[in-house]
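These numbers come from a predicted model, not from an experiment.
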Amino acid sequence: MADPATYRPAPGEIPDAPGVYRFCDEHGRVVYVGKAKSLRNRLNSYFQDIGGLHPRTQTMVTTAASVQWTVVGTEVEALALEYTWIKEFDPRFNVKYRDDKSYPYLAVTMADEVPRVQVMRGAKRRGTRYFGPYAHAWAIRETVDLLLRVFPVRTCSAGVFRRARQQGRPCLLGYIDKCSAPCVGRIGVDEHHQLAQDFCDFMAGDTARFTRRLTRAMKDAAAEQDYERAARLRDDIATLEKATERNAVVLSDGTDADVFALAGDELEAAVQVFHVRDGRIRGQRGWVVEKVEDLDDAALVEHLLQQVYGSEDPEAATASVPREVLVPVLPTDVEQVQVWLSGLRGSRVQVRVPQRGDKRELAATVLRNAEHALALHRTRRAGDLTSRSMALREIQEALDLPTAPLRIECYDVSHNQGTFQSASMVVFEDGLARKSEYRLFTVRGPEGQGARDDTAAMHEVITRRFRRYLAERADARDLELDDGDEDAPRSGPIDERTGKPTRFAYPPNLVVVDGGPPQVAAAAAALAELGIDDVALCGLAKRLEEVWLPGEEYPVILRRASEGLYLLQRVRDEAHRFAITAHRQRRSKGMTVSVLDDVPGLGPARKAALLRHFGSVKRLRAASADEIATVPGMGARTAEAVVAALAVPAPGGATPVSGGFAAPSADEPGKVVP
């Protein structure tokens with residue numbers, strides 16, 4: 001652990017201005033990000049007597065090895081930059097709100113040429129409108145099934161849509177009038193886009209406009225004695241009312257608001273939010289947070305609002321940020337938070353604590369949900385946290401390590417009789433998979449044709465990974481930690497060259513290789529050649545699940561029921577899965593043959609455009625150069641090259657296509673025959 005006095009900035013070096021700061025460890029990894037109205041006052045508070053700091057703050061400042069800062073113009077800019085850095089660097093000492101489950105959203109892909117309505121989970125995509133989150137995916141599907149009668153927007157996948165367009169025949173939904181069938185031109189692209197926009201407006205709470213419009217149309221049809229059409233419109237109105245009435249009114253004034261509640265203790269907390277639109281609850285969401293930094297409820301609420309609204313697509317922020325944000329405690333800088341949220345929404349946003357009436361009762365309901373969520377989390381977490389801690393301790397004792405292996409990297413090699421050699425690196429931190437740190441390697445070998453065997457491949461992969469580590473560690477020290485020059489500043493403004501985290505610039509505590517003594521010996525030789533002697537190494541042989549250490553004649557045997565062996569097996573199996581997946585992708589790509597591959601100037605995008613336009617290679621072969629040139633992105637010279645390439649028939653009369661060979665008589669791309 002570092003002494004904070006060794007990297008404390010010189011007096012007068014820190015500006016007395018608003019800004020954002022970050023602490024980095026000895027490997028250049030960002031461990032904490034914060035903001036301040038005055039950087040000088042805030043940073044000096046970290047370098048007081050260490051005994052007067054909160055225990056979590058003590059751990060942070062002794063883990064760090066340098067501090068840097070960026071001056072911004074206003075506190076609102078600092079608020080936005082702080083969230084950006086937390087999202088980018090994922091510091092270990094910052095509070096992280098983790099969804100207690102993956103909530104489904106109703107998504108409308110407005111950025112597509114033909115928008116699609118679907119259920120989506122996970123990270124949000126730019127250009128897509130989201131509604132929810134919902135508690136269950138079936139609730140979304142029921143709502144969509146009702147609304148498709150009035151808003152027959154496309155819901156099919158890209159493959160179904162493309163096939164229907166090529167065949168000139170819509171899918172089943174098009175025949176039962178639950179899709180406007182833009183795939184066959186029953187409705188224009190612009191008209192369908194407006195239909196999707198109307199669907200979004202209805203889901204956003206603008207329901208009365210569509211009900212009034214349908215009511216007028218129904219009365220006009222009745223006046224014209226077109227009773228069949230009037231009956232259909234009557235049923236459409238009933239459908240909209242049914243979809244609207246699924247959620248009971250909780251706020252009689254029709255308010256748009258997000259209601260937050262927080263329940264927890266000194267170690268962790270649970271957060272719940274109800275999304276209320278037009279007075280009705282449109283969605284619910286929850287997070288669980290571990291308090292790894294010393295924050296009160298006001299600071300937690302501020303970080304929560306940053307995460308909830310800062311991750312929104314700017315184009316959708318106007319719809320996602322409501323007029324009112326009801327919180328259990330006002331954020332630390334409530335005025336700046338309101339200014340920031342108002343800028344996202346484009347109009348005034350009020351952040352306040354509900355004091356009376358329906359809003360206070362709703363906040364109490366949200367609080368009860370947060371308390372139940374925290375109790376459930378503790379029940380699930382107790383066994384999981386205990387088992388992970390036990391597993392790391394067992395590995396430390398079995399391998400005689402100085403500390404628990406908080407970061408474990410595992411390597412595996414996959415190939416098919418020496419071809420398409422691929423290797424994987426998976427990372428587990430604190431016993432949990434860190435998928436953002438996974439890496440893939442293409443094994444080249446000395447001649448560029450692959451390694452001679454698994455041991456040579458393992459030697460190459462370990463060498464490449466740790467050679468990169470040494471290089472980036474040297475660069476990080478040159479830029480941030482002053483490798484030897486005592487007069488150079490150890491802290492200061494952030495260098496643009498280190499704006500991104502260097503993922504290989506810090507080592508693991510333990511390297512695991514999939515295999516026995518040969519693979520372990522190859523990895524140990526690679527580490528020794530690079531002069532690395534502070535990284536533990538072992539191998540896990542699959543047949544008897546033996547743990548092999550470098551240079552040892554006999555393996556380490558862990559109990560079959562031990563948590564340590566179970567964790568090593570999970571790490572090894574994950575590396576094997578990741579390597580197999582990469583190998584199969586390379587093999588499939590390498591075995592794909594197309595007659596268009598050798599056409600000069602024809603890349604993957606143009607090939608895809610040609611097949612999308614003509615539907616099959618057979619139709620493309622029958623087209624003239626002028627017809628081919630009409631495809632977007634194609635020129636006259638490339639079109640002539642395509643015609644020339646397709647003029648020579650394939651051996652045996654088969655027509656090569658991307659992915660295999662199709663029967664020459666098939667008018668459409670059918671089953672691929674190997």
Side-chain angles (χ1 to χ4, degrees), residues 382-415 423-435 437-439 441 451 453-463 465-466 507-530 532-581 583:
D384 179 55
L385 181 60
T386 302
S387 62
R388 286 193 286 118
S389 300
M390 184 183 301
L392 295 174
R393 186 171 62 252
E394 288 181 358
I395 294 174
Q396 176 187 356
E397 294 174 354
L399 304 184
D400 195 22
L401 303 178
T403 60
L406 298 182
R407 179 183 171 97
I408 301 175
E409 293 181 2
C410 185
Y411 298 83
D412 187 25
V413 177
S414 179
H415 59 86
S424 66
M425 179 189 95
V426 302
V427 179
F428 275 57
E429 290 189 352
D430 297 332
L432 297 175
R434 188 72 177 271
K435 295 193 175 182
E437 304 286 317
Y438 286 14
R439 293 295 183 271
F441 298 85
D453 54 24
D454 284 354
T455 58
M458 185 63 68
H459 183 279
E460 176 185 330
V461 171
I462 297 295
T463 300
R465 185 267 184 264
F466 284 94
N509 302 109
L510 175 65
V511 169
V512 181
V513 298
D514 183 12
Q519 287 79 10
V520 174
L527 293 175
E529 291 169 5
L530 295 173
I532 295 176
D533 56 4
D534 57 349
V535 175
L537 170 67
C538 73
L540 185 60
K542 193 167 188 178
R543 188 171 67 90
L544 298 176
E545 304 295 8
E546 302 162 329
V547 179
W548 290 91
L549 298 177
E552 295 293 332
E553 184 177 358
Y554 299 103
V556 176
I557 306 297
L558 296 176
R559 291 183 301 106
R560 284 288 180 175
S562 72
E563 293 293 339
L565 179 59
Y566 177 60
L567 176 57
L568 290 177
Q569 288 172 329
R570 285 174 49 215
V571 173
R572 188 268 318 279
D573 293 344
E574 179 69 356
H576 185 66
R577 179 200 65 80
F578 199 45
I580 283 285
T581 301
H583 164 69

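The CG atom of L540 lies 7.0 Å from the CG atom of D514; values are rounded to the nearest 0.5 Å. A distance of 9.0 Å separates NZ in K435 from CZ in F578, rounded to the nearest 0.5 Å. Atom CE in M390 sits 12.5 Å away from atom CG in L567 (nearest 0.5 Å). The CD atom of Q396 lies 6.0 Å from the OG1 atom of T403; values are rounded to the nearest 0.5 Å. The line from CG of L510 to CG of L392 is 10.0 Å long, rounded to the nearest 0.5 Å. With values rounded to the nearest 0.5 angstrom, D430 atom CG is found 10.0 Å from I408 atom CD1.
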Inset, instruction - Take R465 and R439 through the side-chain contact (heavy atoms from CB on, under 4.5 Å) test and state the conclusion after the steps. - result: CA-CA 10 Å; R465 185 267 184 264; R439 293 295 183 271; over 6 Å; no

Legend entry - Chi angles and distances behind the side-chain contact (heavy atoms from CB on, under 4.5 Å) call for L401, N509: CA-CA 9 Å; L401 303 178; N509 302 109; over 6 Å; no

Inset, instruction - Take E394 and L558 through the side-chain contact (heavy atoms from CB on, under 4.5 Å) test and state the conclusion after the steps. - result: CA-CA 9 Å; E394 288 181 358; L558 296 176; 5.9 Å; no

Inset, instruction - Begin with the C-alpha distance, continue with both residues' side-chain angles, and end with the deciding distance and a verdict on side-chain contact (heavy atoms from CB on, under 4.5 Å) for Y438 and E574. - result: CA-CA 10 Å; Y438 286 14; E574 179 69 356; 3.0 Å; yes

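Heavy-atom minimum distance, S414 versus I580: OG-CD1, 3.4 Å. Minimum interatomic distance between G431 and R570 (heavy atoms only, all atoms of both residues): O-NH2, 3.5 Å. When all heavy atoms of A524 and P550 are compared, the pair lying nearest together is CB-CB, 4.0 Å. Considering every non-hydrogen atom in both S424 and A575, the closest pair reads OG-O, 2.7 Å. In terms of heavy atoms, I557 sits closest to E546 at CD1-CG, 3.9 Å. The shortest heavy-atom contact between A526 and I462 is CB-CG2, 3.7 Å.
With no hydrogens or angles considered, a side-chain donor-acceptor pair links Y411 and E409 at under 3.5 Å.
When the options L399, V512, V520 are evaluated for a side chain to side chain contact (heavy atoms under 4.5 Å, CB included) with L537, the one that passes is V520.
Side-chain contact between F428 and P508 is absent, with no heavy atoms from C-beta onward closer than 4.5 Å. Considering only heavy atoms from C-beta on, R559 stays 4.5 Å or farther from L565 through its side chain. For the pair V461 and M425, the minimum side-chain heavy-atom distance is 4.5 Å or more.
Salt bridge present: E545 and R572 bring a charged side-chain N and a carboxylate O closer than 4.0 Å.
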